[in-house]
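Single-structure report; data block below.
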Amino acid sequence: GDMEFLNHKWMAYVCGPFEITVRFHEPVKPSAFASRRDLAKWCETAVRLGLDHDRDGRAGAPELPPKKLPKAPIKTQKAGQTLAAE
């Protein structure tokens, strides 16, 4: 929300003792995704899976979603040329 930092810190202080878990996921190469949108979706899913995993009290590391490979580049054809079959 729009809570200022000091107010936020005070609210955390009055809640009493709590535990914080910091999870570092594997580095992700943007080139493994077809678009920035696919990369952002994958990262959001990985974070959500980690939160659910920890909230449920499961041991070990959460399973990450599969990474999608980038789409093959589109071959263009100039006037008067034909594309070779692969």
Side-chain angles (χ1 to χ4, degrees):
D2 292 331
M3 187 181 286
E4 291 185 22
F5 177 72
L6 288 177
N7 290 339
H8 182 75
K9 188 173 181 176
W10 176 253
M11 291 303 292
Y13 177 74
V14 298
C15 285
F18 53 90
E19 185 178 309
I20 296 174
T21 301
V22 177
R23 180 174 299 283
F24 293 94
H25 293 282
E26 285 183 40
V28 177
K29 291 187 179 196
S31 61
F33 299 89
S35 67
R36 289 182 299 155
R37 180 172 287 166
D38 288 344
L39 171 62
K41 262 195 258 187
W42 186 90
C43 290
E44 180 182 358
T45 301
V47 170
R48 286 182 187 278
L49 288 172
L51 287 171
D52 291 344
H53 180 274
D54 293 340
R55 200 172 320 149
D56 294 345
R58 290 181 265 161
E63 248 184 77
L64 296 178
K67 295 176 190 159
K68 295 181 182 173
L69 297 175
K71 295 177 185 171
I74 298 172
K75 295 187 179 187
T76 57
Q77 179 179 348
K78 292 183 182 178
Q81 290 182 335
T82 57
L83 292 175
E86 293 184 20

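- In this structure, the separation between OG on Ser35 and CZ on Phe33 is 9.5 Å, given to the nearest 0.5 Å.
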- request: Show your working on side chain to side chain contact (heavy atoms under 4.5 Å, CB included) between Leu6 and Glu4 and close with a plain yes or no.
  value: CA-CA 6 Å; Leu6 288 177; Glu4 291 185 22; 5.8 Å; no
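- Put simply, the side chain of His53 never gets that close to the backbone of Arg48: no donor and acceptor are under 3.5 Å apart.
- Residue His25 places its NE2 atom among more than 12 non-hydrogen atoms of other residues, nucleotides or ligands, all under 6.0 Å distant.
- Atom CZ of Arg58 has more than 12 neighbouring heavy atoms from other residues, nucleotides or ligands inside a 6.0 Å radius.
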